[in-house]
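Everything below concerns the one structure shown next.
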Amino acid sequence: MAVRTRFREEVESKVKEALSDMGCDVRFDIEVPSTWVADLAVPCFTLAKVLRQAPQAIAADLCKRIVCDGAVNSVEDVNGYLNFHIDQDVLVRETLKDIVSAGPDYGKHPAKGVKVNVEHTSINPTGPIHVGRARNPIIGDTLSRCLRRCGYDVETEYYVNDVGKQVVLLTWGVRNIPASEVDPSDRDKNDHRLVPYYRKANSIMEEDEAVREEISSMLQRFENGDQEVIAKVREVAEMMLEGLRETLDTIDVRLDRYTWESQYIADGSARKVVDSLKESSYCGDSDGAYHLELKDFGIHGKNTRFTFTRGDGTTLYTTRDLAYHLDKFDRADRAVDVLGEDQKLGSQQLTAALQILGSDKKPEAMFYSFVALPEGKMSTRRGTVVYLDDLIEEAVERAYEEVRSRREDLSEEEMRRIAVITGVGAVRYNIVRVQPEKKMVFRWEDALNFDGNSGPFLQYSHARACSILRKAGDFERTVDEGLLTDDYERRLVSVLSMFPEVIRDCGENKRIHMLPSYGHELASAFNQFYAAVPVLNSGDRRDSRLTLVDCARMVLKETLYTLGIIAPEEM
RNA sequence: GGGCGCGUGGCCUAGCCAGGAUAUGGCGGCAGCCUCCUAAGCUGCAAGUCAAGGGUUCGAAUCCCUUCGCGCUCGCCA
């Protein structure tokens, strides 16, 4: 058992015992104090009523009855609190032993045998990814990594929306407009190259009635399940997706599976959903278009009507999404959807409809706010847009300038490699450090921050640890708490010991923004130790300190890995 | 207008779900630190009506109500 867990359990049983000693058996809270006054505290204010004594008196009384042993080093009563201190020797010994024996698996929870599907990104294949939506792949990928570390069997999935007017129009454009008639693209990459065709197709359609009809007939055939049209559109969507995948690849986001929306038209499962919903008592229709009335499902206002077929009987996006979710539920125990905040109502309606379909599972949605520019919302049409490709390129370029200015000993190739790792690290870290539901304003100065609370700050600590170990050569790994007595050493160990709990919180509660926060705390503790405590020239403490450095290095590396960021050995 | 979300020093942000002790860090500012393991670092200082008001409570950034500001949403679009 992890030391901190053991410490908490011991505190709990000691307080419980002391209370029953006093003849009462009440619930009490154990909290982590906001300041460094204690490792754990029990406020006695709630006990005051039951015991009819002042909280201060209760705390003092309890304090006297508690015998400190095991992981509990001491307890004192302060202003109605019982303040517990963890035994530093136990903390150091147990934590470092855990890390040394578990290695890279430290903080990895045992396999749960639960399969979780995480759907993320799912950006429409009609243009390059812009930073307004860049939170999606980064949040989704980080969450997946946290869940895996929590012991879940995770499959990540991109739902490709290859159905609808947008993609059909794009397909028409790509197949009918000669290359000579479109503007050159700003980047030689499929997603960027296809955009001019989309723009051109749009303007042609607006002027040409015949084209408009052609497109609408294509759409009609598509939605009726015409395999030939579906295949054509799919082909173009594949091309676009190839570009998007390249972008995702540069930020180390790789999905296990791509599922095409058209599949649910082609295999008839969307049709089955329609038939099944029509049987429901919540179903109604107007002019042949069917809908569900959802006011009994916690949906308020005038959003209670959920339409699932058009008047001509064809299915809608939401209908296909129902078929898709039923499919996911067949394949996994849980389904997580990482969605933009504009999907909130839709997701709520989807959940209600799934319930009506008799599904016993519910999708777990995770919403994020769109990233905006200082001057407002990003808009491709107004040209106020920053592509993720541009952001990455700029970040890598800036990182390159950084390495070059401080490491003239490295080869060009090594500097380039480090620049990519730190530039991408800065971008990913900057996006995931903020709570997803908080709105974010994109500023180059924040996105390209390499100091303080940033990805490179963590990477730098890791590189420093590697550097010490490299210079140390062979050493004996020893855990001797008697040789690690410095405040900086103990503070570092204390942070290391929190890792398993942090991972649990990130995965189980989907609070992934706590991971960068933890990483910063860890890197900061390491840097303080680094500045204050010599390692290589520390006589008989050398091996112990090197062991500590190696443990820190490992946890730093695993923290970065779980954030989807590479830990460079030098920078 | 209805629904949902957000509002914490000049700027960004943690804590809010499970109320508790002097509100977490960072950026920027100011003052220091490279004869020592990478200064993308370390140390110190200044800077806060936790949007506003009310309520619950021994105790509220945290829970409840009202107001204001911002975002999203309210399609037989995807």
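In what follows, chains are A, B, ... by sequence order, proteins preceding strands, each numbered from 1. Source: prediction; values computed, not measured.
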How far does the C1' atom of B/A31 sit from the matching atom of B/C58, given to the nearest Å?
44 Å

Regarding A/Val549, tell me which of base, sugar-phosphate or nothing describes its non-hydrogen contacts under 4.0 Å with the strands shown.
nothing

Quantified in whole Å, what is the C1' atom distance between nucleotide B/U62 and nucleotide B/G2?
28 Å

Just checking A/Glu401: base, sugar-phosphate only, or nothing, at a heavy-atom cut-off of under 4.0 Å?
nothing

Whole-Å gap separating P (B/U13) and CG (A/Leu515)
19 Å

Specify the separation, in whole Å, of atom CZ of A/Phe222 and atom P of B/A78.
11 Å

Base-contact (B) and sugar-phosphate-only (S) positions in nucleotides 68-73 of chain B, heavy-atom cut-off under 4.0 Å, - elsewhere:
--BSSS

Donor-acceptor side-chain pairing of A/Tyr264 and A/Asp321 below 3.5 angstrom
no

Checking A/Pro568 now: which residues fulfil side chain to side chain contact (heavy atoms under 4.5 Å, CB included) with it, not counting sequence neighbours?
A/Ile421, A/Gln459, A/Met571

How far, in whole Å, is B/G5 from B/U43 if one measures between their P atoms?
40 Å

Within the structure shown, what part of the strands sits under 4.0 Å from A/Asp312 by heavy-atom distance: base, sugar-phosphate, or nothing?
nothing

Any donor-acceptor N or O pair under 3.5 Å, side chains A/Asp337, A/His120
no

Using a distance-only criterion (donor-acceptor N/O pair, under 3.5 Å, no hydrogens), is the base of B/A78 paired with the side chain of A/Asp321?
no

Six-ring centre of A/Tyr530, A/Arg464 cation under 6.0 angstrom, axis tolerance 45°:
yes

Measure CG/A/Leu339 against C1'/B/C4 and give the value in whole Å, please.
14 Å

Tell me which of A/Gln528 and A/Asn509 sits closer to the 5' end of RNA chain B, going by the nucleotide each one is nearest to.
A/Asn509

Between A/Ser411 and A/Glu414, do the side chains contain a donor N or O and an acceptor N or O under 3.5 Å apart?
yes

With the side chain counted from C-beta on, respond yes when A/Met554 and A/Phe499 share a heavy-atom pair under 4.5 Å apart, and no when they do not.
no

Compare side-chain N and O positions of A/Gln435 against OP1 and OP2 of B/A14 and report whether any pair is under 4.0 Å apart.
yes

Which part of the nucleic acid does A/Val533 contact within heavy-atom distance under 4.0 Å: base, sugar-phosphate only, or nothing?
base

Does the side chain of A/Pro55 reach to within under 4.5 Å of the side chain of A/Leu47, using non-hydrogen atoms?
no

For RNA chain B, write out the stems as range with range, using runs of 3 or more consecutive Watson-Crick or G-U pairs with both distances under 3.5 Å.
B:1-7 with B:68-74, B:10-12 with B:25-27, B:29-33 with B:41-45, B:51-55 with B:63-67

Under a 4.0 Å N-O cut-off, is there an ion pair linking A/Glu570 with A/Arg407?
yes

Think A/Arg416 forms a cation-pi with A/Tyr400, using NZ or CZ under 6.0 Å from the six-ring centre and within 45 degrees of its axis?
yes

Between A/Lys439 and A/Glu341 (salt bridge meaning N to carboxylate O under 4.0 Å), is one present in this structure?
no

Name the residue closer to the 5' end of RNA chain B, choosing between A/Gly311 and A/Arg433 according to the nucleotide with the nearest heavy atom.
A/Arg433

Find out whether A/Leu244 and A/Tyr158 are in side-chain contact, i.e. whether some heavy atom of one side chain is under 4.5 Å from a heavy atom of the other.
yes

Output all residues satisfying side chain to side chain donor-acceptor pair (under 3.5 Å) with A/Arg417, sequence neighbours left out; order by chain, then residue number.
none

Measure from the side chain of A/His520, starting at C-beta and using heavy atoms only, and say which of B/G25, B/A21, B/A39 lies closest.
B/G25

Have a look at A/Tyr530 and say if it touches a base, only the backbone sugar-phosphate, or nothing, with a 4.0 Å heavy-atom cut-off.
base

Nearest-Å distance once atom C1' is located in both B/A46 and B/G10:
13 Å

Side chains of A/Gln263 and A/Thr259: donor-acceptor distance under 3.5 Å anywhere?
no

Taking atom types as modelled and ignoring hydrogens, do the side chains of A/Thr304 and A/Glu293 form a donor-acceptor contact shorter than 3.5 angstrom?
yes

Any base atoms under 4.0 Å from A/Leu316, or only sugar-phosphate, or nothing? Heavy atoms, all strands.
sugar-phosphate

Side-chain N,O (A/Arg511) to OP1/OP2 (B/C16) below 4.0 Å:
yes

Touch check for A/Met571, heavy atoms < 4.0 angstrom, all strands: base, sugar-phosphate only, or nothing?
base

May I ask you to evaluate whether A/Lys438 reaches the phosphate of B/C12, defined as a side-chain N or O under 4.0 Å from OP1 or OP2?
no

Would A/Arg310 and A/Asp287 pass as an ion pair if we require N to O under 4.0 Å?
no

Any residue in residues 38-56 of chain A with a heavy atom nearer than 4.0 angstrom to RNA chain B? Just list them by number, or reply none.
A/Ala41, A/Phe45, A/Thr46

Give A/Ser286 one of three labels, base, sugar-phosphate or nothing, depending on what nucleic acid heavy atoms sit under 4.0 Å from its own.
base

A/His291 side chain N/O closer than 4.0 Å to the phosphate oxygens (OP1, OP2) of B/G75?
no

Any idea which of B/C37, B/C76, B/U13 is nearest the A/Thr307 side chain?
B/C76

Pick one for B/C34: is it syn, with its angle within 90° of 0, or anti?
syn

Assess, by modelled atom type and distance only, whether the side chains of A/Thr126 and A/Asn124 contain a donor and an acceptor separated by less than 3.5 Å.
no

Find every protein N or O atom lying less than 3.5 Å from an N or O atom of nucleotides 27-31 of chain B, and list the pairs.
none

